[in-house]
Amino acid sequence: MWSLTIQVVLVVIMIEIIQQFFASTVMQETLPSALFIAVVSSSISVMVLAHRLSFLTVGVSHASLAGLGLAVTFSLPLLPTATAFCVGIALLLASLPKKQGITEDTGTGLLFAGSMALGIILMSRASRNEVDLFGLLFGNILTVTNSEWHWLLFIGTVIMVVFIWMARAWWSIAFDATTALASGLPVAALNLCLYGTVGLAVVMCVKLAGIVLTTGLMVLPATCAWFWGRSLMSLWIMSMLIALTATMLGLFISYTYDWPSGATIVLTLCMIFMISWGATWRTQQHRR
Amino acid sequence: MNSNVICLSHISFGSKKRPILDDISFTLKPGHFMGIIGPNGAGKSTILTVMTGLIQPSHGRVDLFDTCLTRFNRHQLLKKVGYLHQLHNAEPHMPLTVRDVVAMGLSQYARPLWQRMGKASQHQAAIEKALKHVDMLDFMPHDFRYLSGGQRQRVRLARALVRQPQLLLLDEPSAALDSQQQQNLYLLLRKLCDEQKMTIIMVEHDIAAITGHVDSVACLNRSIHHHAMKGEQIPEDVWHQMYGEHIHVVAHDTSCIGCHHD
């Protein structure tokens, strides 16, 4: 009898909290942009995993610091400048002289440190109230201004259109680039598009999760889906569902306990990863 | 039917001093099955990549279906070419079913997601036919990552066949196949040449295994030393030119004990 009462009370409290969560103005403003970013980043994360670009996302997200530093120094619009800079860095990495032994991870490490150094110097020159350094490093989705939201909407739409357009070609290149080239696909151009798109997606994620945590959003959704999916389509859909769930849950937890939003979302994704791993561990053992 | 499928004229590749390929010319008609043999580093794989336009030759030209292969028309011309390359060292890391791998061989595969791949039933039939050719139809829904090396090789071959090419370029297709599957493969290729008038160029290192099936054999070591038609003996000095003086040529005939004769 008592336990039933306690359960009812708990459920009522939960409903109350969830209602508060959806009713709060902060969340009403945050949720659409966070969910939109989740859809975009989880779609691209499938390609990040297929092409093994997770280190590229680390490099490009750190390069955004230099982009923002430039924007602050020359008083340019923040997000567009960062976007242009990140895409530029990503394209530069795509066109590295791989034949001469400068491989992708070497190049990423180089540009990552270089642009980070540039960013730190530029930022140190800027006055404190111009730059929200903490928000930049660890993300701050709660303060999306109207113009920023429009900008996010614009690049997010571009990313999704390019993704849907080229997904199968990218998928085929990731599986076997030589055969894709021999069957007549313009592999070099498609790769350039992929790097540029990943660069764009990174900029979006930096707004939500910050420089340090962006890779989490760009890698984890598809990594979780990797355990379950069997094809490009199923991976894509699962990756999106996982990212949407984690974003909702993460924001809810961060709202309830007053935790930082970006970090909570990434931690939720990590939890889903551990659960997926655990759940498929036995079947993997069986298969091998 | 008098048109040429492929015509190489005076192809050279590499530096003048140490060319990888030197002045190679040949022409093949529909339904011809050619084997290319030669020692390691003879340029066997290079010549196939030249034919697919993956690398530009330093000199000479490649004509596919009586059209000169250029950077601008290779997309169009290669739709009728199937190619199986030799680099299969990379472990596949993506979740893919065998069906998806074969579907990648269709030229419609890379279309945007909002377009369906043409008539789905037609593609399904092509995929099933290609897998049936390599005896892998039962594995269609399986995960490609959990197949054995030989099974993967057969699926890759199906991917090259699925677009029903008029020209099939194979780089050591029998690698990772057991001898039974190897025989099946050669019989299949012979059948494709005879029945569908497919032209096949196959690089192999084991000449004894292929002589019974091919129409001609090209002995390649930077240049083509000899282009032997079926039934023709390859002169001993050609062997020495190709492999050096330390080889001992043994002529096989029906009385040879170590050989199988079907």
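Model, not experiment: these values are computed from the prediction. Chain naming here is simple, since letters A, B, ... match the order of the sequence lines and numbering starts at 1 in each.
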Close side-chain approach of [X] and [Y], heavy atoms under 4.5 Å:
X        : Y        : value
B/Met104 : A/Ser172 : yes
A/Ser183 : B/Arg163 : yes
A/Trp171 : B/Leu96  : yes

* Residue pair B/Asp143 / A/Arg230: nearest heavy atoms and the distance that separates them -> N-NH2, 3.8 Å
* To do: Taking all heavy atoms of A/Thr178 and all of B/Tyr83, pick out the closest pair and write down the distance.
  => CG2-CE2, 4.4 Å
Heavy-atom contact with chain B under 4.5 Å, split by part of [X]:
X        : answer
A/Leu49  : backbone
A/Ala174 : both
A/Trp236 : side chain
A/Ala167 : side chain

* Given that the side chain runs from C-beta out, which part of B/Pro141 has a heavy atom under 4.5 Å from chain A: side chain, backbone, both or neither? -> backbone
* Side chain, backbone, both or neither: which part of B/Ser107 has a heavy atom under 4.5 Å from chain A? -> neither
* **Residues B/Arg159, A/Asp176: salt bridge by 4.0 Å N-O rule** => yes
* With sequence neighbours left out, write down each residue that passes ring pair (Phe, Tyr, Trp, His ring centres under 6.0 Å) with A/Trp170, or none if nothing qualifies. => none
* Structure fact -> Interatomic distance, CD@B/Gln108 vs CZ@A/Arg168, rounded to 0.5 Å, equals 10.0 Å
* Just how far is it from atom NE2 of A/His51 to atom NE2 of B/His93, taken to the nearest 0.5 Å? -> 8.0 Å
* To do: Using a cut-off of under 4.5 Å on heavy-atom pairs, state which of B/Ala110, B/Ala160, B/Pro95 scores highest against chain A.
  => B/Pro95
* **Pick from B/Asp100, B/Leu78, B/Val81 with the largest number of heavy-atom pairs that fall under 4.5 Å of chain A** => B/Leu78
* Near A/Trp165 CH2, under 6.0 Å, is it more than 12 heavy atoms from other residues, nucleotides or ligands? -> no
* To do: Take A/Leu181 and B/Arg74 through the side-chain contact (heavy atoms from CB on, under 4.5 Å) test and state the conclusion after the steps.
  => CA-CA 10 Å; A/Leu181 189 60; B/Arg74 56 176 284 273; 3.9 Å; yes
